[in-house]
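The shown structure was predicted, so the numbers you read here are calculated from the model rather than taken from an experiment.
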Amino acid sequence: MHLSFKQAAGVVALVLVLAAVLLVWRGRGRLTADSGDIDDPLAGVRDRLPQTVGAWRAEAPDREYDPDSIFSYIDGAGEVYLAFDMQRCLSRRYNRPGGPALVLDLFVMATPADALGVFTHDLDGEPAGIGEDSRYRPGWLCFWQGRLYASIYAEAEADGVREAVRQLGAATAALVPPAGTRPPILAALPAPGLDAGRIRYFHHPVILSAHYFLANVNLLRLGPGTAAVLADYRRGGSDAKLLVVEYATVTEAERAVTDFLAAYLPEGQAGAATRLENDRWAGAQRADRRLAVVLEASDADTTEALLRESLSGGGQ
């Protein structure tokens, strides 16, 4: 698999205390085609995938993995996919005489929001105009569409690779119905100063720790019933990180803000900026089921403004 997930897995390893949480997560609602709960997105894709892409030809047979066997394929990075409730993975290899192989991996997630979440875990590269969102960097293309997350990579750089990878990506995306709507929590992010290309969507504390380490426990009570976004802001000469979490109940949101303030900002108050030891600023505030947390802000005014705006409806 592509290097970025392996690098991220190294960060994830720092929070092994969350392993028990992940084991519970794996059984939180696994959906299968024969369960009758959902259709199988691969059913309309598998047999229609291209057999040839330029000079590359598909190698038979395809390989398939489930949440239990995915580690045999992606050693050290399977946690990322399981944290977004991966259902299954289809892998197809394309070979070209004398050239590098292309590998197409299609991950079926429980929901379109989970497919979006996997995509936002690694946002390096340039938009490629494929699927709902995509990124391309030399030798690797990823995109999400509906409940599928796709990764297409070349085992080495060579003439024709870029064109073939993009061609295969476009052909695959055309087989998958679009997601329709994006997670409502995205609308909580205030528009002014938002780096729209670096928004992370997730549920699991392991993913938060990969992007911003808060604690070696699940301090914000993230879980299957939560939706969270982490975004970067720059307003004039000020910058900050904003984390917004939506909980299933008001009680869960109240407990989360209480836990966060007690452990992370013991001298702080809800809605007010608190200076950190590194002379940066942080703050937290709750409104109904939503919790906003500002991290690493350059000043108090930016901290308190982002808290207010994200709890009053945002405005993307």
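In the model, S91 has a side-chain atom that pairs as donor or acceptor with a side-chain atom of D105 under 3.5 Å. For S72 and Y65, the side-chain atoms include no donor-acceptor pair closer than 3.5 Å.
Remark: E157 CD is packed, more than 12 non-hydrogen atoms of other residues, nucleotides or ligands lying under 6.0 Å away.
Of all heavy-atom pairs spanning T120 and Y201, the tightest one is OG1-N, 3.0 Å. Nearest heavy atoms, A240 versus L306: CB-CD1, 3.8 Å. Heavy-atom minimum distance, F71 versus G78: CE2-CA, 3.8 Å.
Scanning for salt bridge (Lys or Arg N to Asp or Glu O under 4.0 Å) contacts around R198 gives D124, with sequence neighbours left out. Scanning for side chain to side chain donor-acceptor pair (under 3.5 Å) contacts around D259 gives R221, with sequence neighbours left out. Not counting sequence neighbours, the partners of T111 by the side chain to side chain donor-acceptor pair (under 3.5 Å) test are D114. A search for side chain to side chain donor-acceptor pair (under 3.5 Å) contacts involving Y233 returns nothing, not counting sequence neighbours. Applying the side chain to side chain donor-acceptor pair (under 3.5 Å) test to N95 and every residue at least two apart in sequence or in another chain returns E59, R93.
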Criterion salt bridge (charged side-chain N to carboxylate O under 4.0 Å, His left out) on R182 and D133, from CA distance to verdict: CA-CA 11 Å; R182 297 184 179 229; D133 282 306; 2.7 Å; yes

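Formation of a donor-acceptor pair under 3.5 Å by the R48 side chain with backbone atoms of A43 is not found in this model. With hydrogens and angles disregarded, no donor-acceptor distance shorter than 3.5 Å links the side chain of R92 to the backbone of V103. In this structure a side-chain-to-backbone donor-acceptor pair under 3.5 Å is present from Q145 to E132. No side-chain donor-acceptor contact under 3.5 Å links T302 to the backbone of D299. With hydrogens and angles disregarded, a donor-acceptor distance shorter than 3.5 Å links the side chain of H203 to the backbone of T226. Put simply, the side chain of S310 never gets that close to the backbone of A292: no donor and acceptor are under 3.5 Å apart. Between the side chain of D288 and the backbone N or O of R290, no donor-acceptor pair lies under 3.5 Å. Side-chain atoms of R289 never come within 3.5 Å of backbone atoms of E246 as a donor-acceptor pair (strictly under, hydrogens ignored).
Within the structure, every pair that satisfies the side chain to side chain donor-acceptor pair (under 3.5 Å) test and touches residues 271-284, not counting sequence neighbours, is listed here: D239-R280, N278-E296.
Aromatic ring orientation, F107 versus Y149: tilted (interplanar angle from 30° to 60°).
Salt-bridge annotation for E254 and R286: present, with a side-chain N of the basic residue lying under 4.0 Å from a carboxylate O of the acidic one.
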